[in-house]
Amino acid sequence: MATSASAYHKLLSVGTKIVAVGRNYAAHAKELGNAVPKEPVLFLKPTSSYLTNGGTIEVPHPYESLDHEVELAVVISRKARDVTEATAMDYVGGYALALDMTAREIQSAAKSAGLPWTVAKGQDTFTPISSVLSQIMVPDPHNLELWLKVDGQIRQKGSTGDMMFKIPFLISHISSIMTLSEGDVILTGTPPGVGPVKIGQKIDAGITGLIDVHFNVGKRQIPKRS
């Protein structure tokens, strides 16, 4: 099993992709007016969207806010293809806390037009993420409390026990569609309470008793044209 330090390095430099699971908490699906899915809703985010603890989340022009979504991230330890649920946890190298930042206006327009969510979810700084927690530190990933505050006010608080699709099933299901590589990350969905965070505000988030992260929110600067 990878150590926390080496797993964190691989997370940022070796992983090939972020596989995100949408609507994996029934209450979140309902708060956005979406149907509760019968199988996982998957989308991809580029690893270039990672932002380490203490960084600044950048809101792209011309928008003034993004929606926050706090999630448990699963870090894959080795190549996984057509993995069974029974052996799926053998492919986990650790866990992290991540935010799936979303430009909701862009996503809503894309959904209405039947288009992908890439622009709404995949921009630089749109996946703030913590350091990696080893499996020893997380004996039961389905019994964790995730929380998020904006300017000190609690916005999200929920249990990973409320996931509709559990981690072994997600790893098995995803690996039957695409090969998961060492350092790849699965974002397992967000509990209810998502909402906007504006330029100038601050996000604090964490896994109760294990780790917390802190991010500022700023405006993405448009390069001056010469």
Side-chain angles (χ1 to χ4, degrees), residues 8 11-12 15 17-25 27-29 31-32 41-60 63-75 94-107 117-133 138 141 144-160 162-163 170 184-208 210-220:
Y8 186 45
L11 170 70
L12 295 180
K17 57 188 168 294
I18 304 164
V19 185
V21 182
R23 306 173 192 171
N24 199 22
Y25 290 72
H28 169 61
E31 75 178 346
L32 294 184
V41 176
L42 305 178
F43 58 94
L44 295 175
K45 300 185 69 168
T47 56
S48 55
S49 66
Y50 283 137
L51 178 68
T52 56
N53 187 22
T56 298
I57 299 164
E58 297 180 350
V59 180
Y63 304 100
E64 296 296 325
S65 67
L66 299 171
D67 271 21
H68 55 76
E69 300 185 9
V70 65
E71 312 206 6
L72 178 67
V74 178
V75 185
Y95 303 91
L97 184 78
L99 307 182
D100 176 22
M101 301 305 297
T102 305
R104 196 69 73 193
E105 298 98 329
I106 297 175
Q107 186 191 33
W117 303 350
T118 305
V119 178
K121 296 275 194 177
Q123 299 197 37
D124 290 356
T125 76
F126 275 27
T127 312
I129 195 161
S130 74
S131 57
V132 175
L133 300 167
V138 187
L144 301 174
E145 182 181 71
L146 309 179
W147 58 269
L148 181 143
K149 296 179 180 180
V150 174
D151 287 347
Q153 299 296 313
I154 193 74
R155 291 279 191 89
Q156 290 185 267
K157 182 179 285 189
S159 172
T160 56
D162 292 332
M163 289 183 197
L170 290 174
D184 282 359
V185 163
I186 299 173
L187 299 183
T188 57
T190 190
V194 303
V197 57
K198 299 177 181 180
I199 294 168
Q201 293 189 304
K202 182 176 180 179
I203 292 176
D204 302 299
I207 303 173
T208 301
L210 288 177
I211 199 166
D212 54 76
V213 292
H214 314 277
F215 299 98
N216 295 314
V217 180
K219 192 169 188 65
R220 182 169 182 174

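The first residue in the sequence is number 1, and the count goes up from there.
- Atom CD1 in I57 sits 4.0 Å away from atom CD1 in I203 (nearest 0.5 Å).
- With rounding to the nearest 0.5 Å, the separation of NZ in K17 from CD1 in I186 is 9.5 Å.
- In this structure, F215 and P128 approach most closely via the heavy-atom pair CZ-CB, 3.4 Å.
- Residues I18 and S49 come closest through the heavy atom pair CD1-OG, 3.8 Å.
- Nearest heavy atom pair, residue M101 against residue T125, reads CG-O, 4.4 Å.
- Rounding to the nearest 0.5 angstrom, the gap separating the CD atom in E58 from the CD atom in Q123 is 9.5 Å.
- Between the T190 side chain and the E71 main chain, no donor and acceptor come within less than 3.5 Å of each other.
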- Task: Would you sort out whether S65 and V59 count as a side-chain contact (heavy atoms from CB on, under 4.5 Å), showing the intermediate values?
- Result: CA-CA 6 Å; S65 67; V59 180; 5.8 Å; no

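- Heavy atoms only, all atoms of each residue included: T56 and G218 are closest at CG2-N, 3.5 Å.
- Within a 6.0 Å radius of NZ in K157, other residues, nucleotides and ligands contribute 12 heavy atoms or fewer.
- To the nearest 0.5 Å, atom CG of residue L133 and atom CD1 of residue I211 are 4.5 Å apart.
- By the 4.5 Å heavy-atom criterion applied to side chains, P141 and L72 are counted as neighbours.
- Of the possible donor and acceptor atoms, none in the side chain of D67 sits under 3.5 Å from a partner among the backbone N and O of V194.
- In this structure, the side chain of K219 does not engage the main chain of I199 through any donor-acceptor pair within 3.5 Å.
- R155 places a side-chain N or O within 3.5 Å of a backbone atom of P196 that can act as its donor or acceptor partner.
- Between the N216 side chain and the K202 main chain, no donor and acceptor come within less than 3.5 Å of each other.
- A pairwise comparison of heavy atoms in Y95 and V138 identifies CD1-CB, 3.7 Å as the closest pair.
- No hydrogens or angles considered: a donor-acceptor pair under 3.5 Å links the side chains of E145 and T208.
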- Check against side-chain contact (heavy atoms from CB on, under 4.5 Å), V19 and L187: CA-CA 6 Å; V19 185; L187 299 183; over 6 Å; no

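- W117 meets the ring-ring contact (aromatic ring centres under 6.0 Å, His included) test with F43; sequence neighbours excluded.
- With rounding to the nearest 0.5 Å, the separation of CE in M163 from OH in Y25 is 4.0 Å.
- For the atom pair CG (L146) and CG (L99), the distance works out to 10.5 Å, reported to the nearest 0.5 Å.
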- side-chain contact (heavy atoms from CB on, under 4.5 Å) evaluation trace for V217 with L66: CA-CA 9 Å; V217 180; L66 299 171; 5.7 Å; no

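- Proximity of a side-chain donor or acceptor of S130 to a complementary backbone N or O of V213 within less than 3.5 Å is not detected.
- Here the closest heavy-atom approach between residue S131 and residue A96 is recorded as O-CB, 3.7 Å.
- Residues K121 and E69 meet the side-chain proximity criterion, which asks for heavy atoms closer than 4.5 Å.
- Judged purely by atom type and a 3.5 angstrom limit, Q156 uses its side chain to pair as donor or acceptor with the backbone of V70.
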